[in-house]
Participant: 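Have a look at the structure that comes next, please.
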Amino acid sequence: MNEKIKTETMFAMPLGQATLSKEVCDMFKPLTSETKNEKGLIINLDVLELKLNLKKKITDVFTEWVNNTYNFEANQKWAMLTNWITENPTGNSIPRHRHYNCTFSSVFYFDKIENGEGNLILENPNDFADFYPADLRQLSNIYNKAVHIAPLYEGLIIFFASSLYHSYHQFENKNKKNRRSFACNFAPIGMYGSIDSFIDTNWLSY
C-alpha cells in the first residue's frame, strides 16, 4: 500500500504562557493567603480586591490570549473571579483537583522558584482509551501523552481551561523556602452565546 495518510488534529487543548515583569512580580510579594474577620483568620479568596490595577493587568493579559486563541470576538470581556495566594513551606504535594463554576484558570509564579519545585501537572481530558502501550521507549506526542508538565520559573503566568484536572508532586525543599504563587479564575461577562442559547450578564444584579 502506497497511499499517503494525512493526520488532522480534531480537537486541541491550549495552554497559555507569558512572562510578566519583575515589577509586576514585586507587586504580588506583599500579598498573603489569609485575612482577618470577626471569626479570626480565614483564607482570602479576593487578594486583589484593593489592587484593582493588578487585577486589571492580569485580566488584560488573559483576555488578549483567550480571545485570540479561541477566536472570540475581539471585544469579548472577561472578569476575574476568586483569586488567592497559595503557600507551601514544606514541599508537600498538591492533590489532583479542578476548578468549578468558572471557565478558565491561571497560576502566576511571582516568587523566586526553580524548575522541579512543584511543576504543575495537567491531565489530558481525552485520556479514555482502553489501550496504551507501557513501553517507556515510546515517545510522547500530542496524541498519546496522558499529562502535560508545565515549566516553572519566576515571572511565569499560565492560563488553562478550568475543567482540566491538575496537581503537582511532592518536592525536596532544599532551601527551606515558602513556595508561593497566585491563582485565579475567570468567566466571560457581557453577552455571549448565540440564537436561543445566550446570556447577557449585564442583566444580572444583586
Side-chain angles (χ1 to χ4, degrees), residues 5-20 45 58-74 76-86 88 92-109 113 115-153 156-171 179 181-190 192-199 201:
I5 301 177
K6 180 182 178 181
T7 299
E8 292 187 5
T9 302
M10 296 187 296
F11 311 106
M13 184 65 68
L15 177 75
Q17 295 179 196
T19 303
L20 302 186
L45 292 177
I58 301 300
T59 303
D60 286 349
V61 173
F62 165 74
T63 298
E64 181 179 1
W65 170 77
V66 74
N67 287 354
N68 288 334
T69 302
Y70 285 84
N71 202 28
F72 294 143
E73 294 289 337
Q76 174 60 58
K77 297 178 181 178
W78 295 82
M80 183 184 295
L81 310 178
T82 47
N83 56 93
W84 62 97
I85 298 293
T86 60
N88 186 345
N92 286 340
S93 62
I94 291 297
R96 176 183 186 265
H97 68 284
R98 52 159 294 193
H99 297 185
Y100 294 90
N101 304 316
C102 51
T103 313
F104 290 91
S105 298
S106 176
V107 180
F108 175 43
Y109 302 101
I113 194 166
N115 207 41
E117 294 181 339
N119 293 59
L120 196 65
I121 301 169
L122 299 121
E123 298 182 18
N124 183 349
N126 297 317
D127 189 15
F128 301 117
D130 293 322
F131 173 72
Y132 269 88
D135 189 340
L136 297 180
R137 295 171 297 178
Q138 179 190 20
L139 296 178
S140 66
N141 59 31
I142 62 172
Y143 303 114
N144 66 23
K145 70 178 184 178
V147 299
H148 175 82
I149 301 177
L152 195 62
Y153 57 85
L156 172 69
I157 188 168
I158 62 176
F159 306 112
F160 55 93
S162 301
S163 58
L164 292 178
Y165 279 94
H166 52 281
S167 60
Y168 65 76
H169 295 316
Q170 182 177 358
F171 61 94
R179 180 194 186 280
S181 60
F182 168 80
C184 65
N185 296 316
F186 297 97
I189 59 174
Y192 57 97
S194 61
I195 312 175
D196 63 350
S197 297
F198 73 92
I199 184 172
T201 57

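Residues take their numbers from the sequence shown, with the count starting at 1.
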Participant: Start with the C-alpha distance between Thr86 and Val107, add both sets of side-chain angles, then the distance that settles side chain to side chain contact (heavy atoms under 4.5 Å, CB included), and finish with yes or no.
Facilitator: CA-CA 10 Å; Thr86 60; Val107 180; over 6 Å; no

Participant: Between Asn67 (side chain) and Phe72 (backbone), is there a donor-acceptor pair under 3.5 Å?
Facilitator: no

Participant: How are the rings of His97 and His99 set to each other: parallel, tilted or perpendicular (split at 30° and 60°)?
Facilitator: parallel

Participant: Look up atom CG in Leu122 and atom OG in Ser167, then write down how far apart they are to the nearest 0.5 Å.
Facilitator: 8.5 Å

Participant: Grab the two heavy atoms, one from Gln76 and one from Thr63, that are nearest each other, plus how far apart they are.
Facilitator: O-CG2, 3.7 Å

Participant: Working to the nearest 0.5 angstrom, can you tell me the gap between Leu120 CG and Leu152 CG?
Facilitator: 9.0 Å

Participant: Any chance CD1 of Ile149 has more than 12 other-residue heavy atoms, nucleotides or ligands included, within less than 6.0 Å?
Facilitator: no

Participant: If I compare all heavy atoms of Ile158 with all of Ala150, which pair ends up nearest, and what's the gap?
Facilitator: CD1-CB, 4.2 Å

Participant: Just checking, any donor-acceptor pair under 3.5 angstrom between side chains of Asn88 and Asn92?
Facilitator: no

Participant: Rounded to the nearest 0.5 Å, what's the gap from OG on Ser106 to CZ on Phe160? Could you check?
Facilitator: 7.5 Å

Participant: Tell me which one of Asn126, Asn124, Ile142, Leu164 satisfies side-chain contact (heavy atoms from CB on, under 4.5 Å) with Met13.
Facilitator: Leu164

Participant: So, for Tyr109 and Ser181, which heavy atoms are closest and what is the spacing to 0.1 Å?
Facilitator: CD2-CB, 3.8 Å

Participant: Which value, rounded to the nearest 0.5 Å, describes the distance between Asn185 atom CG and Met80 atom CE?
Facilitator: 9.5 Å

Participant: Testing His166, His148, Arg96 one by one against Glu123 for a side-chain hydrogen bond (donor to acceptor under 3.5 Å, both in side chains), which residue passes?
Facilitator: Arg96

Participant: Applying ring pair (Phe, Tyr, Trp, His ring centres under 6.0 Å), name anything that partners Phe62, two or more places apart in sequence or on another chain.
Facilitator: Trp78, Phe104, Phe159, Phe186

Participant: Should Tyr100 and Ser162 count as side-chain neighbours, where that means a heavy-atom distance under 4.5 Å?
Facilitator: no

Participant: So, do Cys184 and Phe108 sit near enough that their side-chain heavy atoms are less than 4.5 Å apart?
Facilitator: no

Participant: How long is the span from the NZ atom in Lys77 to the OG1 atom in Thr59, to the nearest 0.5 Å?
Facilitator: 13.0 Å

Participant: So Thr9 and Tyr143, side chain to side chain contact (heavy atoms under 4.5 Å, CB included) or not? Walk me through it.
Facilitator: CA-CA 9 Å; Thr9 302; Tyr143 303 114; 2.7 Å; yes

Participant: Rounded at 0.5 Å granularity, tell me how far CD in Gln170 sits from CD1 in Ile94.
Facilitator: 11.0 Å

Participant: So, for Ile113 and Tyr153, which heavy atoms are closest and what is the spacing to 0.1 Å?
Facilitator: CG2-C, 3.6 Å

Participant: Checking the side chain of Asn68 only, and the main-chain atoms of Val66 only, is there a donor and an acceptor separated by less than 3.5 Å?
Facilitator: no

Participant: Taking the side chain as everything from C-beta on, heavy atoms only, tell me whether Tyr168 gets closer than 4.5 Å to Arg179.
Facilitator: yes

Participant: Once salt bridge (Lys or Arg N to Asp or Glu O under 4.0 Å) is applied, do any residues pair with Arg98, and if so which ones, sequence neighbours excluded?
Facilitator: none

